[in-house]
Each structure stands twice: as C-alpha cells, then as structure tokens.
Amino acid sequence: MANKALIQKIKGAREFYPEQMALRNFIYEKVRRASRAFGYQEWDAPFIEPIELYAAKSGEELVKKQSFTFNDRDGEFVTLRPELTPSLARMIAAKQGELTFPLRWWSFGPFWRYESPQKGRSREFFQWNIDMLGTDSPEADAELIAVGAEFLRSAGLKPDRAVIYVNNRRLMDAEFDALGIPPEKRLDVSNLVDRRTKMDPAKWDENALGLGLDQKQLGGLKDILGNFDLWKKSDELTRLFSALEALGAREYVKFDPNIMRGLLYYTGTVFEAFDTTGSVRRAIFGGGRYDNLLADVGGQPLSGVGFAMGDVVIGIILQEAGLVPEFEPSPAQALVTVFDEKLWMQSYALAAELRRAGMNAMVYPEPAKLPKQFKFADRMKMKAVLVLGPDEAEKGLVVVKNLGTSEQEQVKREALLSSLQKILAFNVKQD
RNA sequence: GCGGAUGUAGCUCAAUGGCAGAGCACCUGACUGUGGCUCAGGUGGUUGUGGGUUCGAGACCCAUCAUCCGCCCCA
C-alpha cells in the first residue's frame, strides 16, 4: 500500500518517470524530424491565456466545462490552454505585416482539458500542432497530409496499419445541396455523419429522420456516405491526390466521405489518421483547411491548413505495435567504480577525463563493495565498468570490464579510451 | 454529468465468514577485487478510507476516495 501521507496527483495529470519520458521524447523527436523535413519552423505560445481568447470562438459551455480556469491574484480569469489555434491567430495577427508567407510553423507542448480520463485521453497531454498559412490550394493540403504520413512512416507505422482518411467539406456541401438539405441543417447532419461508425444503424436512421430529413434524403445521404469514388467529382480532391502521389504519401491516404470533423471552422479538405489494427479507436491526428483564421482576432483574412496530434493515443499505439525503442536507463555507458576512501578522488578524476574526451561517464557516488557497484551498473544496463583499485593506481592502469561479454582487461591509462570505445562499438552492433 | 468493474507486500495476484499467503523484486550470506545464473536465509501488511452486521470480516452491507473501462463530449 502506498504511503498514506502521499498527496495524490491532480486527476488526469501525467507523471513521466524516465521510461515514460523516453517515450515522450521519442514522439517529440519523430515529430520534430517530420516537421523540419518539410521546412517548418518551431514556435510556441503561452500555456496560460485569458479565457476570452477561447470564448470568442466557441462562446459555449465547452469553454467553461472543459477548460481548467482560475482567478489570478488580480481577479483575472486565466485558462490553461485547451488548444493552440486561437493563440496562433493572435500571434499571426499581431505581426501579419512582417511575417514571411507562406508561413510554416509547428509546435509540441502541453495542453489541458477538463474531461474524464480514460483510454487515450487524459486531462493533461502534449500535442503536436502544425500549420501552413497564406496559401490556399489543394496542393498545400497535400503537403500537410504528407507531413503526417512522413511522421507515421518514420515512427514505424506502415500503411497497412495506419491510414489517413480524407474528405472535403465543399464536396459534401455540394452533395447535401443536391439532396435538398438546407444549409442550416448542414452542421447537424455533419455531426451525425461524424457519429455514424459509433452508432447503431437503425438508431442512426432514426436520428437522421429526427433532424427533419425525409426518406429520400436519408437514402441519398447513405448513398453518398457509401460512395468511395465520390472524390472523383471534386476538382480539389483530384488535385490533392495527384499531389500526394508526387509527394510519395499516396499509399497512406484513402478517401472516406464519412470523415467530417466536428469543428465549425473547417471549410475544405479535412482528414483524420487512424490505427486500423490496434485497440485504440480514437484518431491519431486530425486537421484540415480553415478560412478566416484571423477573423475573430481582427487580422486580415488568411487561409490555412493544419492538423494536431495528441501524445496519448500515438503513445499507446506505438507501444502496442512494439515500435518504441528499448529503454536505456542510463545515458552513461560506462561506470567508474570507487574502490575505497583513498582512491575515491582518483575515480572522480578518471570520470572527468572520460567526459572531457566526449563520453558520458557515471561515477559511483561513494566507496562501496564492488559487487554492489557492479550490480548497479548491470541494472542501469551500462556497457562497461572501470575499476581503479590499489594495484592499478600504483601502476597507472585501469581495469575495463565489458559487461556484455564479461571479458575484462587491465589497460594503461593512455589506452583506456580506445579500449572503451571498442567495447561500446561492439555493444552497439549487438543491439 | 451517467453507467460498469477493481482496490490485499514495492510489482503481479491468491486466500469456503475462521492463524493474511505465493511468485517476482529487495536485503544478507555462500563469494573480503567483479554484475547476470544458482542455492540458503531474511525484511516487508492498519487488506484504500470511515462506519455497520457478526462470537469472528480481506470477504457481507452502507458511505466515501482512488484507478480502469465505457457513455456523453472532444475546440
């Protein structure tokens, strides 16, 4: 039983022990590489913002119910950021005249949403955001999708298990129009489409009719949602797919008329990536094209395309797929033991010497029995252990033991580096 | 906000209402200058918390807290 005196962490907050931190950094590294491969610049915004920033957009209970808010000492309402886009809009608007467009920005940082924690969802999470602003073309949409595909590829998720589903709002609006679905019902219908895979078919039909659709419209809607060649009617999607072909990302992408995305602000291409084989049914990432990003904050109209990916879902998927590299407990590959009180400082000096030579070296923090120190090195999965005992000190030697092979040799101090490097290189090959 | 499940050693889990246990981990020793492997021994518990029923509760009842799974929601 845990110590009762321990104060519990905040519900849904995340604790990153070194092993989890390694996963987070693994994701960050893949994100960073994919973003930079396409020339995107890293940026960030405040973690706390005035609540109005979000209220301006949704103005809903959503903001109050699903955000962490509090009063600061001056009585201002402060919100832990639940998303990045409003901050992006403000920062762009503030320097709209001096930024170089088209602008390509990416970010990876913490966000908070007051929701009930469950599989794939916590109250505190890290999110990758990536956007291109100032270009309005299906080819730009294709680039963002290609960035996402590049991330999936580099993380080890092949097209047979990760798929990016694409649709287009304008295409769907045109289809809805053709069915005689009035524009004011589009939002409700979109939301219903979004929920289709989750719902019982009969119930879904019922809801559709409840929205005021007639049988003929319902039938037409289902025809549309079952038509996976529909994209051929869309000039935008046709161009998108040829661009994806050229970008080498086509194999990851499928057209799916059921992808809508709940967000109001998407106006053209929308897309969502899913793991098709694992236990997580939530989207890996999702995004699309939005117009008038800056409308709410008073900037000039600007079109953009972007997507966001949380760390929780992708983390589960990568672990399930066995794609996370084995955890290395210690960044240092060599342990310098401390033989006794007298030789303590000599061991410290030896470790310092290794560090000056560019190696990561850990020294045992105090004299202790050698078995204990060796055991420590073993549990830290270190590759080599150095022993500087009385015999070695006297003759200017060091014992180097390869923990992988159990072989050890006494070498002169001058030969230590090359001996160590040999062991480390050998062990690297073994991995 | 709603529903379901689970809380026992550091971890994973046992224990018909009748002495709280096992495996792993940890510590010590076999092995006073060498990790893993083996063997022997040992430490470790207010059974989430608070009440109740009972001669007797880890188990049954009520409440509460926490976690997990799902619904709702998902900017």
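Letters go in sequence order (proteins before strands), and every chain restarts at 1. Every heavy atom of this structure was used, including side-chain atoms; hydrogens, water molecules and symmetry mates were not.
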Separation of atom [atom1] in [X] from atom [atom2] in [N], rounded to whole Å:
| X | N | atom1 | atom2 | result |
| --- | --- | --- | --- | --- |
| A/E52 | B/A75 | CD | C1' | 17 Å |
| A/K119 | B/C72 | NZ | P | 17 Å |
| A/E115 | B/C73 | CD | P | 12 Å |
| A/R282 | B/C74 | CZ | P | 12 Å |
| A/E19 | B/C11 | CD | P | 16 Å |
| A/R81 | B/A75 | CZ | C1' | 14 Å |
| A/D194 | B/C73 | CG | P | 11 Å |
| A/M309 | B/C74 | CE | P | 22 Å |

How far, in whole Å, is [M] from [N] if one measures between their [atom1] atoms?
| N | M | atom1 | value |
| --- | --- | --- | --- |
| B/U8 | B/G45 | C1' | 8 Å |
| B/G23 | B/G48 | C1' | 24 Å |
| B/C19 | B/G41 | P | 25 Å |
| B/A9 | B/G58 | P | 14 Å |
| B/G17 | B/U54 | C1' | 9 Å |
| B/C24 | B/G44 | C1' | 14 Å |
| B/G7 | B/A14 | C1' | 15 Å |
| B/A57 | B/A40 | C1' | 37 Å |

Who pairs with [N] - Watson-Crick or G-U, where each distance is under 3.5 Å:
| N | value |
| --- | --- |
| B/C31 | none |
| B/G56 | none |
| B/G3 | B/C69 |
| B/C37 | none |
| B/C19 | none |
| B/A63 | B/U49 |

Does the protein touch nucleotides 31-37 of chain B at the base, only the backbone, or not at all? Give it as B, S and - per nucleotide, heavy atoms under 4.0 Å.
--BBBB-
Residues [X] and [Y] bridged, charged N to O under 4.0 Å:
| X | Y | answer |
| --- | --- | --- |
| A/K381 | A/E328 | no |
| A/E353 | A/R413 | yes |
| A/R161 | A/D275 | yes |
| A/R186 | A/D173 | yes |
| A/R90 | A/E49 | yes |
| A/E115 | A/R123 | no |
| A/R289 | A/D136 | yes |

Among the candidates [options], find the nucleotide nearest to the side-chain atoms of [X].
| X | options | result |
| --- | --- | --- |
| A/Q118 | B/A75, B/C74, B/G70 | B/G70 |
| A/K11 | B/U67, B/C73, B/A75 | B/U67 |
| A/R121 | B/G1, B/C74, B/A75 | B/C74 |

Mind checking A/T337 for me? I need base, sugar-phosphate or nothing, with any heavy atom below 4.0 Å counting as a touch.
nothing
Counting only side-chain N and O atoms of A/K369, is one of them less than 4.0 Å from OP1 or OP2 of B/G29?
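It does, given that an N or O in the side chain of A/K369 lies less than 4.0 Å from OP1 or OP2 of B/G29.
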Along RNA chain B (nearest heavy atom to each residue), the more 5'-positioned of A/P82 and A/G12:
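Here A/G12 is the residue nearer the 5' end.
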For the residue pair A/F126 and A/F111, is the inter-centroid distance of their aromatic rings smaller than 6.0 Å?
no
Pairs touching residues 292-314 of chain A that satisfy ring-ring contact (aromatic ring centres under 6.0 Å, His included), sequence neighbours left out:
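Only A/W128-A/F307, A/F271-A/F307, A/F285-A/F307 qualify under ring-ring contact (aromatic ring centres under 6.0 Å, His included).
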